[in-house]
Amino acid sequence: MQTLAGRSRPSLTPEDPLSRLTLIKAVLGPILRLMFRPRVEGTENIPGTGPVILAGNHLTFIDSMILPLVCTRPVYFIGKDEYVTGKGFKGRLMAWFFTGSGMIPVDRDGANGGVAALMTGRRVLEEGKIFGIYPEGTRSPDGRLYRGRTGIARLTLMTGAPVVPFAMIGTDKLQPGGAGLPRPGRVTVRFGEPMEFSRYDGMDRDRYVLRAVTDSVMAEVMQLSGQEYVDMYATKAKAA
């Protein structure tokens with residue numbers, strides 16, 4: 001497969017989960033749609049082909065279940081490796097579901113977790129696929145939108161992939177605190193217009209450029225979601 005840089009690279013995963021994603025959508029899609037009744041706005045802003053970065057807010061666990069459901073193209077995203085290493089029938093079922101939905105397990109808590117996540121995202125994009133990312137780096141502790149990590153900027157500048165901002169609205173009301181079974185209700189998923197940053201080509205190591213790009217993406221997410229913005233990392237707020 002030809003990459004954005006013109007080099008040949010093997011496929012990211014030995015088994016493309018597209019067939020399983022089709023099955024998941026066919027079997028669970030109607031159930032999830034009945035439970036969450038998603039209202040989707042702006043899907044025409046997602047390019048039909050080529051690499052795309054979907055960057056949005058992160059309110060609760062079910063965000064990563066709803067995003068692949070409402071996108072016509074498969075969405076790949078990073079997830080905790082603990083989601084696919086569980087024991088017994090439940091563990092195998094979770095692994096089948098999440099990897100089939102496009103999740104790529106990465107040990108993000110290790111010493112090189114951030115680098116591994118970044119390189120995984122780059123490979124997904126170099127294969128011409130969609131990579132979903134939550135720039136906050138973790139779920140919001142209180143429903144507000146927190147400062148974005150600059151990994152999103154590195155990805156778009158390294159690959160040239162456009163960024164499509166998106167907002168999850170209402171998922172935190174259905175699963176408060178991100179724990180337990182979600183209750184039925186309506187959610188909205190809103191996609192903004194693609195953003196491109198070719199004017200910063202070759203500047204993916206400039207920390208001021210990285211911060212400016214990240215902040216511009218988060219500003220769009222804030223406009224789409226209507227959340228209050230907090231100029232602090234969510235992890236710091238959780239630790240306080």
Please check if the number of heavy atoms outside K238 that lie under 6.0 Å from its NZ is greater than 12.
yes
Neighbour count >12 (heavy atoms, 6.0 Å) for atom CZ, R199
yes
[atom1]/[X] to [atom2]/[Y] distance, rounded to the nearest 0.5 angstrom?
X: I66; Y: M35; atom1: CD1; atom2: CE; answer: 9.0 Å
X: L67; Y: F166; atom1: CG; atom2: CZ; answer: 5.0 Å
X: L210; Y: T150; atom1: CG; atom2: OG1; answer: 5.0 Å
X: D231; Y: D215; atom1: CG; atom2: CG; answer: 7.0 Å
X: R149; Y: M218; atom1: CZ; atom2: CE; answer: 11.0 Å
X: N45; Y: F191; atom1: CG; atom2: CZ; answer: 9.0 Å

Below 4.5 Å, heavy atoms only, C-beta onward: do [X] and [Y] meet side chain to side chain?
X: V70; Y: T43; answer: no
X: M158; Y: M119; answer: yes
X: Y146; Y: P141; answer: yes
X: T138; Y: H58; answer: no
X: V163; Y: F197; answer: yes

Would the distance check show the side chain of Q175 and the main-chain N or O of I62 forming a donor-acceptor pair, the cut-off being under 3.5 Å?
yes
Under 3.5 Å, side chain of E127 to main-chain N/O of K129, donor-acceptor pair present?
no
Indicate the atoms forming the closest heavy-atom contact of [X] with [Y], along with that distance.
X: P47; Y: R73; answer: O-NH1, 2.9 Å
X: C71; Y: I46; answer: SG-CD1, 4.1 Å
X: I169; Y: R190; answer: CD1-NH1, 3.4 Å
X: G143; Y: D172; answer: CA-OD2, 4.4 Å
X: P162; Y: P51; answer: CD-O, 3.2 Å
X: G132; Y: V75; answer: N-CG1, 3.9 Å

Please identify which of these residues, T188, T60, D63, N57, meets the side-chain hydrogen bond (donor to acceptor under 3.5 Å, both in side chains) condition with T171.
D63
Report yes or no: do [X] and [Y] belong to one cluster of Ile/Leu/Val/Met/Phe/Trp/Tyr joined by side chain heavy-atom distances under 4.5 Å?
X: V52; Y: L224; answer: no
X: M65; Y: I31; answer: yes
X: M168; Y: F77; answer: yes
X: L157; Y: M195; answer: yes
X: V40; Y: I130; answer: yes

Decide, yes or no, whether a salt bridge links D204 with R154 under the criterion of side-chain N to carboxylate O below 4.0 Å.
no
Less than 6.0 angstrom from the centroid, inside 45 degrees of the normal: does R139 satisfy that with respect to the ring of Y134?
no
Can you check side-chain contact (heavy atoms from CB on, under 4.5 Å) on K173 and R186, steps first, answer last?
CA-CA 9 Å; K173 303 297 190 298; R186 180 179 291 279; over 6 Å; no
